2 protein chains.
Amino acid sequence: MHIQSNFRGTALAGMPPAGVTFHAADTMIYAQGDAAGTLYQVEFGTIRICRMTADGRRQITGFLTAGDVFGFEAGAEHNSSAESVDGAGIRLLRPASPAETTTALLQSLARTQHLLMLLGCRSANVRMGTFILDLSERQADGRLVHLAMQRNDIADYLGMTFETVSRALRHLKDEGLIRLNSITEIEILNRPALEALCE
Amino acid sequence: MHIQSNFRGTALAGMPPAGVTFHAADTMIYAQGDAAGTLYQVEFGTIRICRMTADGRRQITGFLTAGDVFGFEAGAEHNSSAESVDGAGIRLLRPASPAETTTALLQSLARTQHLLMLLGCRSANVRMGTFILDLSERQADGRLVHLAMQRNDIADYLGMTFETVSRALRHLKDEGLIRLNSITEIEILNRPALEALCE
DNA sequence: CGATCAATTGAGACAAATCAACACCAGTGG
DNA sequence: CCACTGGTGTTGATTTGTCTCAATTGATCG
């Protein structure tokens with residue numbers, strides 16, 4: 001499981017630094033409605049920020065990885081929940097300086113707007129392709145992309161069903177743009193074409 | 001035209017306060033790619049924030065009205081453009097305090113996330129209904145909603161075509177939830193039912 | 001090995017996009 | 001005063017893409 005491997009990878013190299021708490025896969029860090037105020041930073045692993053719609057659907061508004069700061073809210077309560085996707089280490093930030101807060105907020109805003117653009121575009125294939133490219137940018141390797149989250153999470157992030165996620169992946173595969181090395185690893189075979197598709 | 005009436009309404013009451021510039025309907029305040037840095041505040045009228053997608057579509061990421069602050073960017077350049085919808089007065093903000101910036105940013109983030117939730121939901125009728133309710137909250141009257149923007153703008157905001165906007169309005173009308181008093185004025189006939197639809 | 005959950009694939013239904021025609025309104029000029 | 005025009009909005013017919021429902025395969029784990 002990725003939980004183990006991810007955690008072990010860090011733990012074996014030495015204990016996680018003090019102030020970092022570990023959250024197992026699929027566990028909640030804070031819930032919708034919890035008191036807000038604290039800021040968090042991802043140390044390792046992947047976090048998803050979720051929000052339930054009134055009709056019962058779930059919208060994931062972001063996936064966060066090492067270095068990302070999260071937890072700000074406009075009100076006194078969290079209107080999103082934060083959950084560990086694959087086992088993650090979280091650091092509590094001591095009250096950050098205003099400048100740091102602004103930077104983190106701007107980044108958060110930029111990410112949200114980026115997702116907004118993605119959802120505004122209606123093609124499932126393009127959404128999926130862009131998602132892969134986005135992940136790729138945040139990961140070291142230019143060809144291999146690791147999917148820490150499962151299809152269901154991707155679906156709720158991209159605003160579609162997990163069946164459509166599956167079909168979109170198949171489509172990109174059939175086009176020769178990617179290869180599915182395993183269920184959690186995608187290989188980008190033709191990046192220029194993929195970028196052209198997603199612009 | 002709304003330009004005249006809006007402007008006149010303010011102008012007759014006295015000249016716009018110093019530091020407020022007027023932008024006629026459908027004119028640009030800043031463009032995608034312009035140098036960022038200044039913050040603006042809407043004095044009167046309506047502003048739309050737009051972003052072009054590579055495939056030529058336009059996504060409106062927000063409509064701003066009196067009091068709203070806009071213009072922040074993560075980088076040195078604007079990656080959105082700001083345009084006057086119906087003739088609007090804009091005030092340049094002198095460098096705001098960090099606390100004010102954070103507040104404005106949080107509000108901006110909250111709004112963007114709200115729109116994100118809307119786009120994640122796929123029903124055109126619900127999107128349209130929510131849009132009307134959102135507008136209503138920002139306007140004085142609880143029943144009458146003024147549409148400063150035209151159908152095309154609404155479509156690009158809600159991620160659908162203007163034909164679908166038209167059909168969604170018709171649907172809400174047929175359901176007895178709203179009435180179309182004129183092309184720019186909607187009357188909410190059954191707010192509870194409308195809220196129930198949109199949750 | 002069977003049990004369970006995740007992922008894929010297929011067939012059909014349905015909502016929105018697309019294409020096209022038409023109505024409406026304001027402004028213009030004969 | 002009335003045709004003409006261009007922009008905007010509505011409505012209709014058809015196509016297309018995604019959702020839904022259902023069956024099947026694949027992976028993981030006790």
Side-chain angles (χ1 to χ4, degrees), chain A residues 1-5 24-26 48 53 55-59 85-87 118-129 131-132 146-175 178-186 197, chain B residues 1-5 25-26 53 55-59 85-86 118-129 131 146-175 178-186 197:
Chain A
M1 265 233 144
H2 309 115
I3 326 162
Q4 263 74 20
S5 59
D26 263 313
R48 59 171 179 252
T53 68
D55 62 328
R57 283 184 0 92
R58 178 184 69 156
Q59 175 70 49
V85 170
D86 60 346
L118 211 50
L119 295 192
C121 144
R122 56 230 153 304
S123 156
N125 295 328
V126 172
R127 290 188 197 185
M128 193 64 226
F131 180 65
I132 294 171
H146 175 70
L147 298 177
M149 66 298 293
Q150 52 192 40
R151 304 291 189 265
N152 216 323
D153 289 331
I154 301 175
D156 287 348
Y157 179 70
L158 297 179
M160 54 206 210
T161 62
F162 63 88
E163 293 101 324
T164 303
V165 168
S166 198
R167 279 185 255 263
L169 282 172
R170 187 175 201 296
H171 176 83
L172 296 177
K173 191 186 95 182
D174 289 350
E175 296 279 311
I178 63 170
R179 178 155 48 149
L180 296 164
N181 290 339
S182 82
I183 221 163
T184 57
E185 187 178 90
I186 290 174
L197 170 71
Chain B
M1 268 230 143
H2 309 115
I3 325 163
Q4 263 74 19
S5 59
D26 263 312
T53 67
D55 62 328
R57 281 185 0 91
R58 178 184 70 154
Q59 175 70 48
V85 170
D86 60 346
L118 210 51
L119 295 192
C121 145
R122 57 231 153 306
S123 155
N125 295 329
V126 173
R127 290 188 197 186
M128 194 64 225
F131 180 65
H146 175 70
L147 298 178
M149 67 297 293
Q150 50 192 41
R151 304 292 189 264
N152 216 322
D153 289 331
I154 301 175
D156 287 347
Y157 179 70
L158 297 178
M160 53 206 213
T161 62
F162 63 87
E163 293 100 324
T164 303
V165 169
S166 196
R167 279 185 254 264
L169 282 172
R170 188 175 201 293
H171 176 83
L172 296 177
K173 190 186 94 182
D174 288 350
E175 296 279 311
I178 63 169
R179 180 155 47 148
L180 296 164
N181 290 339
S182 81
I183 221 162
T184 58
E185 187 178 271
I186 290 175
L197 169 72

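Only a predicted model underlies this, so the values are computations on that prediction, with no experimental measurement involved.
- Between the CG atom of B:D156 and the P atom of C:dA17 there is a distance of 11 Å, rounded to whole Å.
- Of the possible donor and acceptor atoms, none in the side chain of B:R179 sits under 3.5 Å from a partner among the backbone N and O of B:I186.
- Atom CE of B:M128 and atom C1' of C:dA15 are 17 Å apart (whole Å).
- Under 4.0 angstrom from either OP1 or OP2 of D:dT18 there lies no side-chain N or O belonging to A:T164.
- Remark: B:R170 is not in phosphate contact with D:dT10, judged by side-chain N or O atoms under 4.0 Å from OP1 or OP2.
- Nucleic acid contact class of B:I183 (heavy atoms, under 4.0 Å, all strands): sugar-phosphate only.
- Looking at B:Q59, its side chain does come within 3.5 Å of a backbone N or O of B:Y157 through a donor-acceptor pair.
- As a whole-Å value, the separation of B:D153 CG from D:dG9 C1' is 14 Å.
- Atom CG of A:D174 is separated from atom P of C:dT8 by 12 Å (rounded to the nearest Å).
- With A:R48 contributing its side chain and A:V85 its backbone, the two residues share no donor-acceptor pair below 3.5 Å.
- Remark: C1' of C:dT9 and NE2 of A:H171 are 16 Å apart, rounded to the nearest angstrom.
- Taking atom CD of B:E163 as the reference point, atom P of D:dT14 lies 17 Å away to the nearest angstrom.
- Under a 3.5 Å cut-off, the side chain of B:R127 and the backbone N or O of B:L158 do form a donor-acceptor pair.
- With contacts defined as side-chain heavy-atom distances shorter than 4.5 Å, the pair A:D156/A:N152 qualifies.
- Atom CZ of B:R57 and atom C1' of C:dT18 are 14 Å apart (whole Å).
- When distances are taken from the side chain of B:A124 to each of C:dA16, C:dT8, C:dT18, the shortest belongs to C:dA16.
- In this structure, CG of A:N125 is placed 13 Å from C1' of D:dT16, rounded to the nearest angstrom.
- An OP1 or OP2 oxygen of D:dG9 is reached within less than 4.0 angstrom by no side-chain nitrogen or oxygen of B:S166.
- Judged by distance alone with a 3.5 Å cut-off, a donor-acceptor contact links the side chain of A:R167 to the base of D:dT20.
- Closest to the B:S123 side chain, of the nucleotides C:dA7, D:dG9, C:dA16, is C:dA16.
- Contact annotation: side chain of A:R127 to base of D:dT18, donor-acceptor pair absent below 3.5 Å.
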